[in-house]
Amino acid sequence: MSVAQSLNYHIKFKLFGSRIVKWQANRAYKNFKEPKNWRSDILASPLKIGVKTKELITKHYLEGRYVNGVKPVAWVTSGAPVEILKALGFYILYPENHAALCGARRATLDISSEAENRGYSVDICSYARTDIGTMLSGKTPVGKLPKPDILLACTNICQTVLFWYRVLAKHYNVPLIVIDTPFLYDNAEPHQVEYVKNQLENSIETAERAAKKSLDFAKLKNVVKLSKEAAALWLEIMERGKNVPAPISVFDQFIHMALVVEKRGDAETVDFYANMLAEIDERIEKGIGAVVNEKKRLLWDNLPIWHKLRFLSEFLAERGVSVVASTYTNAWGELAPMIDVNNPIESLAKTYIHPILNRSAEYKLKVMERMIDEYKLDGAILHSDRSCKPYSMGQVDQRNRLVTQASKPALLLEADHSDPRSYADEQVKNRLNAFLEMLGV
Amino acid sequence: MSVPTRLEVVEKVRKDKKGVAAVFPIHYPRELFRAFGIHPIEVWGPPKVDTSPAMAHLQSYICSVVQSGLSFYLSGALDVADIILVPHCCDSLQGLGSILKGFVKKDRPVFTLYIPRGKRREDIEFLKEELKRLYENIAGFAGFKPTKDDLFDAVIKEEDADKLTLQAYEVHRKFKTSSSEFYRLIRLREYLPLVEFEKLVNEFIQKKYKPSGSVGVVFSGVLPEPMDVFSLVEESGGVVIDDDFASLRRRIYPLGESDDPFERMAQRILNAPPDAMKGSSFKDRENFLLDIVRNSSSKGVVFYNVKFCEPEKFYHPILKDSLKSANIRSIVVEVDINEPLPQQVKTRIRAFIETLKRG
Ligand code: SF4
Ligand code: SF4
């Protein structure tokens with residue numbers, strides 16, 4: 001660590017930056033106001049905790065600007081078993097979250113064109129293109145991303161991340177840890193879990209070398225405990241959606257899930273979700289629904305369309321439709337019960353092989369059917385995400401089964417999670433209108 | 001060269017009271033099936049099938065290999081098979097396996113095989129266990145279990161076929177024989193019984209050739225479909241002299257070392273030429289590609305890419321750079337295995353061969 005880097009970090013982030021962000025957030029929290037142009041006629045006021053979400057995310061990226069040379073930095077995939085790196089004191093960056101943020105801020109086109117101009121095809125996942133674009137050009141709406149000292153790619157969400165992280169590893173010339181998780185067509189077999197466990201154990205040495213310290217197992221247990229608590233609270237929050245009217249919609253969930261992805265394993269994330277749960281319970285007590293006049297309740301499948309969150313939320317709310325549950329946000333909570341704090345490595349292996357994206361299309365359908373039942377839903381929107389083949393393949397059959405077996409209207413909506421070129425406004429409106437008509441709204 | 005068609009081979013196998021396995025791309029041990037006396041027939045597409053049946057299950061942004069494979073299955077063309085195997089080699093094949101197992105079930109088992117994305121000790125160990133799982137699955141169907149010796153014997157036979165195939169590549173490189181004919185021959189391994197395949201390859205090796213003056217070009221991609229591209233290259237004065245196709249060169253598995261047949265099969269697959277579908281590193285792929293280009297005194301590489309094949313696309317920019325630094329020209333073209341070669345692709349390939357001819 002150089003003295004200059006350390007001084008910069010302590011002065012610009014610790015002493016000033018993070019305090020200013022916190023002070024601003026506290027003020028905004030105290031004098032909480034709805035944003036301008038908020039459609040309070042159709043939507044409940046935004047959750048106050050949103051101020052905290054913004055604070056924590058801003059602080060996280062702010063720290064990232066100054067962290068190189070002060071803490072070791074790891075870039076990891078969203079479903080990666082991050083706990084070992086956390087326990088070793090790494091600053092963790094999630095390129096997918098960064099790419100989602102670029103999507104929400106409508107910066108994808110500009111940034112991903114940097115990758116496309118370099119030869120990366122538009123048929124590649126737009127998260128990867130965005131991130132490679134940032135890597136090549138430095139462009140990012142958050143100011144600057146820290147350079148990685150190590151990369152961790154886990155294939156439990158897709159194979160795309162493996163290629164994408166190989167590009168990063170070559171560019172930054174840093175070690176890449178691959179945790180390969182065999183896809184589960186059926187239940188996990190012992191040799192599959194054993195394989196993941198072996199890789200986790202073998203990764204420790206590489207991670208320790210990059211961190212320049214040894215892994216403290218007591219610390220690891222604590223991080224695993226905090227991860228479990230955050231995921232469990234997140235699951236509880238989502239389950240509050242079973243109330244009628246639903247106190248939060250998936251559009252809220254898409255925003256507030258950032259922390260369970262990006263900062264799981266931190267104590268402040270657990271506090272954050274405990275506070276969020278309390279605020280939601282308050283809403284329930286007061287009978288407040290996320291959508292003012294909730295008439296129909298829907299399921300969302302697959303990633304969000306980040307660049308159209310506001311539009312979709314308002315379009316549906318105007319018609320009294322609340323999108324209450326989603327297979328995507330659920331994925332960050334449903335595995336909490338699998339985590340065994342006393343048996344960290346083995347239970348991490350078991351947990352991280354089981355995300356919905358690493359399981360069969362038939363299993364995903366069962367999850368949807370269960371959610372439709374438990375959340376008393378009237379239908380489903382399946383976002384057919386051009387960028388994400390692993391999530392989208394099987395949706396045509398899933399939609400048909402929902403219609404024929406569960407007798408629920410279901411719509412397959414073609415778009416892309418962040419590339420606006422795969423989204424046609426008029427077509428989406430027409431399809432949604434026709435679907436809502438079928439629902440009787 | 002007169003060779004039986006896939007259907008004729010199936011009829012013959014049936015007559016001999018043997019089982020048939022239909023195998024989707026890409027990596028799997030042929031020897032494991034052969035040890036059970038089950039004849040593996042590979043389903044690479046096939047090209048030029050009516051893909052409308054698959055459109056009832058797949059989005060339009062899924063590659064044509066999967067579109068064709070699923071259509072072929074739905075049309076009943078694979079009903080001749082007793083077993084279906086879907087190796088896990090990419091997100092799209094993963095989806096195909098999932099759809100076959102969950103949504104379009106027929107009264108025959110669909111087995112899967114996960115190919116690990118590495119060649120570390122733990123990857124070999126895992127693949128060994130996966131192969132044992134597959135062995136148990138096939139045994140459940142076949143009603144018996146080949147012994148260790150039977151398995152070993154089958155492995156050695158397949159290793160011999162690999163050696164022979166490499167010799168055929170050498171002859172082809174040396175004499176620049178017709179690429180259409182050479183690749184038609186090598187692709188017969190996708191469905192011919194081993195003995196028949198070896199007989200034809202031996203005939204090819206022993207023939208006398210006059211070296212041709214065509215300019216050599218290497219092709220890289222998943223599979224050489226549409227195959228018309230070989231005649232196009234030849235008409236333009238070139239020859240596809242070697243390849244880095246997942247279906248061909250990347251599946252000439254090296255000899256294994258272990259005495260344990262399962263470990264040996266795992267070693268063979270994981271130590272084979274680098275492949276996007278095994279998550280190989282850029283370095284490994286660069287080295288392999290440069291090696292085959294140099295060994296064949298080729299002057300250029302055509303990345304013959306199936307549209308929507310994401311794994312391959314990730315490698316193109318970096319591989320193109322390495323080729324450029326080694327003064328080797330390259331182009332990327334996109335094809336759909338169900339469509340005739342687009343005019344624009346033809347024009348680009350012709351122009352590319354012209355530039356190679358000019359040196
Ligand atoms: S969006 Fe889909 S393809 Fe892209 S990184 Fe995420 S899981 Fe992988
Ligand atoms: S062509 Fe590419 S995407 Fe399609 S099945 Fe083959 S490897 Fe997968």
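Chain identifiers are assigned alphabetically (A, B, ...) following the order of the sequence lines, protein sequences preceding nucleic acid strands; residue numbering begins at 1 within each chain. Note: hydrogens, waters and symmetry copies are ignored here, and every other heavy atom, side chains too, is used.
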Answer with side chain, backbone, both or neither: which region of A/Thr155 has an atom nearer than 4.5 Å to a non-hydrogen atom of chain B?
side chain
Give, as side chain, backbone, both or neither, the part of B/Val66 having an atom under 4.5 angstrom from any heavy atom of chain A.
side chain
Quick check on A/Glu201: does its CD atom have over 12 non-hydrogen neighbours (other residues, nucleotides or ligands) under 6.0 Å away?
yes
Under 4.5 Å from a heavy atom of chain B, the part of A/Leu357 involved:
backbone
Residue part contacting chain B, namely of A/Asn358, when any heavy atom lies under 4.5 Å:
neither
Which one of B/Lys128, B/Glu130, B/Glu125, B/Glu129 satisfies the side-chain hydrogen bond (donor to acceptor under 3.5 Å, both in side chains) criterion with A/His191?
B/Glu130
Not counting sequence neighbours, which residues clear ring-ring contact (aromatic ring centres under 6.0 Å, His included) with A/His354? List them please.
none
So which part of A/Ile124 gets closer than 4.5 Å to some heavy atom of chain B, the side chain, the backbone, both or neither?
both
Under a plain distance cut-off of 3.5 Å, with no hydrogens placed, do A/Ser387 and B/Tyr61 share a side-chain donor-acceptor pair?
no
When A/Phe163, A/Trp164, A/Tyr165 are each screened for ring-ring contact (aromatic ring centres under 6.0 Å, His included) with B/Phe314, the one that passes is A/Phe163
Measuring heavy-atom distances to chain B, does A/Ala128 have an atom under 4.5 Å in its side chain, in its backbone, in both, or in neither?
side chain
Which atoms of B/Asp321 are under 4.5 Å from chain A, going by heavy atoms: the side chain, the backbone, both sets, or neither?
side chain
For chain A, the option from B/Lys101, B/Glu310, B/Lys132, B/His316 that forms the most heavy-atom pairs under 4.5 Å:
B/Glu310
Under 3.5 Å: donor-acceptor pair, side chain of B/Ser98, backbone of A/Ala361:
yes
Toward chain A, the part of B/Leu58 with a non-hydrogen atom under 4.5 Å:
both
Can you tell me how the ring of A/Tyr185 sits relative to the ring of B/His88, calling it parallel under 30°, perpendicular over 60° and tilted otherwise?
perpendicular
Do A/Gln199 and B/Arg120 meet the criterion of a side-chain donor-acceptor pair at a distance under 3.5 Å?
yes
Pair B/Gln59, A/Glu414 - check side chain to side chain contact (heavy atoms under 4.5 Å, CB included), show working.
CA-CA 9 Å; B/Gln59 290 93 335; A/Glu414 298 263 348; 4.2 Å; yes
With a 4.5 angstrom heavy-atom cut-off, could you sort out which part of B/Arg121 is near chain A: side chain, backbone, both or neither?
neither
Between A/Ile132, A/Val167, A/Asp397, A/Asn202, which shows the greatest number of heavy-atom pairs under 4.5 Å with chain B?
A/Asp397
Between B/Glu122 and A/Lys197, does at least one N-O distance fall below 4.0 Å, as a salt bridge requires?
no
